[in-house]
Amino acid sequence: MVKSIHKISKAFLLVMCLSALPVTMMAEVEEAQNSQIEMGQNQVSISVSGSTIRVKNAEGQALEVYGITGEKVYTQTIDSASKSFELSHLQRGYYIVKIGKFTRKIYLH
């Protein structure tokens, strides 16, 4: 009888450990997702409308715009959390925008 109780308690302990594992893993996944969301809110974002570039979350960094040949055609320091730059002096076409390590291809109308 003692032997069977020992087996039952051992099996019960195993089931409890296994059932707790996914909960712990889910909590870690949820925590990682939350930190990614927080990081995502602070990441540099660039949007383009016509010949205007709007930059967010890049205060203190330099905006660099390169033509498709690799020539730097525009540079400006970003002095606020949300800043717009008018690039109507550039020809219509594709450009590469670089802010720190963030790089994006854009099209100016």
Side-chain angles (χ1 to χ4, degrees):
M1 172 117 168
V2 173
K3 198 173 191 180
S4 63
I5 292 174
H6 181 63
K7 284 184 181 179
I8 292 171
S9 63
K10 199 174 187 181
F12 179 74
L13 183 59
L14 180 61
V15 168
M16 292 303 291
C17 287
L18 291 176
S19 65
L21 183 61
V23 173
T24 304
M25 292 172 70
M26 289 296 288
E28 290 173 3
V29 168
E30 186 176 317
E31 184 179 318
Q33 288 174 341
N34 288 339
S35 66
Q36 288 174 350
I37 291 168
E38 290 171 14
M39 288 173 50
Q41 292 173 348
N42 294 326
Q43 287 184 343
V44 173
S45 70
I46 297 173
S47 58
V48 179
S49 178
S51 61
T52 303
I53 297 177
R54 183 172 185 85
V55 179
K56 293 182 181 178
N57 301 320
E59 186 173 4
Q61 298 186 52
L63 166 74
E64 298 174 335
V65 181
Y66 296 87
I68 58 172
T69 61
E71 178 184 356
K72 188 186 297 186
V73 295
Y74 184 81
T75 186
Q76 184 71 40
T77 300
I78 302 166
D79 58 7
S80 63
S82 181
K83 183 80 174 180
S84 294
F85 299 93
E86 179 59 44
L87 300 177
S88 58
H89 64 281
L90 297 176
Q91 292 182 351
R92 181 173 68 164
Y94 288 98
Y95 293 87
I96 303 296
V97 175
K98 182 179 177 199
I99 301 172
K101 294 182 179 182
F102 182 85
T103 305
R104 179 172 169 209
K105 177 179 76 170
I106 64 167
Y107 183 78
L108 297 178
H109 292 89

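For the numbers below, each heavy atom of this structure counts, side chains included, while hydrogens, waters and symmetry mates do not. Bear in mind the structure is a predicted one, so any value in this text is a computation, not a measurement.
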J.: Please round to the nearest 0.5 Å and tell me the distance separating atom CZ of R104 and atom OG of S45.
T.: 9.0 Å
J.: Ignoring hydrogens, what is the shortest heavy-atom contact between H109 and S51? Give both atom names and the distance.
T.: O-CB, 4.1 Å
J.: Hey, what do you get for NZ (K72) to OH (Y95), rounding to the nearest 0.5 Å?
T.: 15.5 Å
J.: A side-chain contact here means heavy atoms from C-beta on lying under 4.5 Å apart; do H89 and Y74 qualify?
T.: yes
J.: For the CD atom on Q91, are there more than 12 heavy atoms of other groups (residues, nucleotides or ligands in this structure) within a distance under 6.0 Å?
T.: no
J.: Between E86 and T52, is any pair of side-chain heavy atoms under 4.5 Å apart?
T.: yes
J.: Shortest non-hydrogen contact from K83 to I78?
T.: CB-CG2, 4.1 Å
J.: Establish whether I96 and L90 are linked, either directly or via other cluster members, by ILVMFWY side-chain heavy-atom contacts under 4.5 Å.
T.: no
J.: Using a 6.0 Å distance limit plus a 45 degree cone around the ring axis, check whether K105 lies over the aromatic ring of Y94.
T.: yes
J.: Nearest heavy-atom pair of S82 and K56: which atoms, and what distance?
T.: OG-CG, 3.9 Å
J.: Among the clusters formed by ILVMFWY side chains lying less than 4.5 Å apart, do V65 and F85 turn up in the same one?
T.: yes
J.: Is Y66 linked to V55 within one hydrophobic cluster, defined over Ile, Leu, Val, Met, Phe, Trp and Tyr using a side-chain heavy-atom separation of less than 4.5 Å?
T.: no
J.: Can you measure from CD (E64) to OG1 (T75) and round to the nearest 0.5 angstrom?
T.: 5.0 Å
J.: Considering non-hydrogen atoms only, spot the tightest contact between I99 and A58 and give its length.
T.: CG2-CB, 3.7 Å
J.: Taking atom types as modelled, find out whether E59 and S80 have a side-chain donor-acceptor pair closer than 3.5 angstrom.
T.: no
J.: Of all the heavy-atom pairs spanning V48 and Y107, show the shortest one and how long it is.
T.: CG1-O, 3.5 Å
J.: From Q76 CD over to I53 CD1, what is the distance, rounded to the nearest 0.5 angstrom?
T.: 11.5 Å
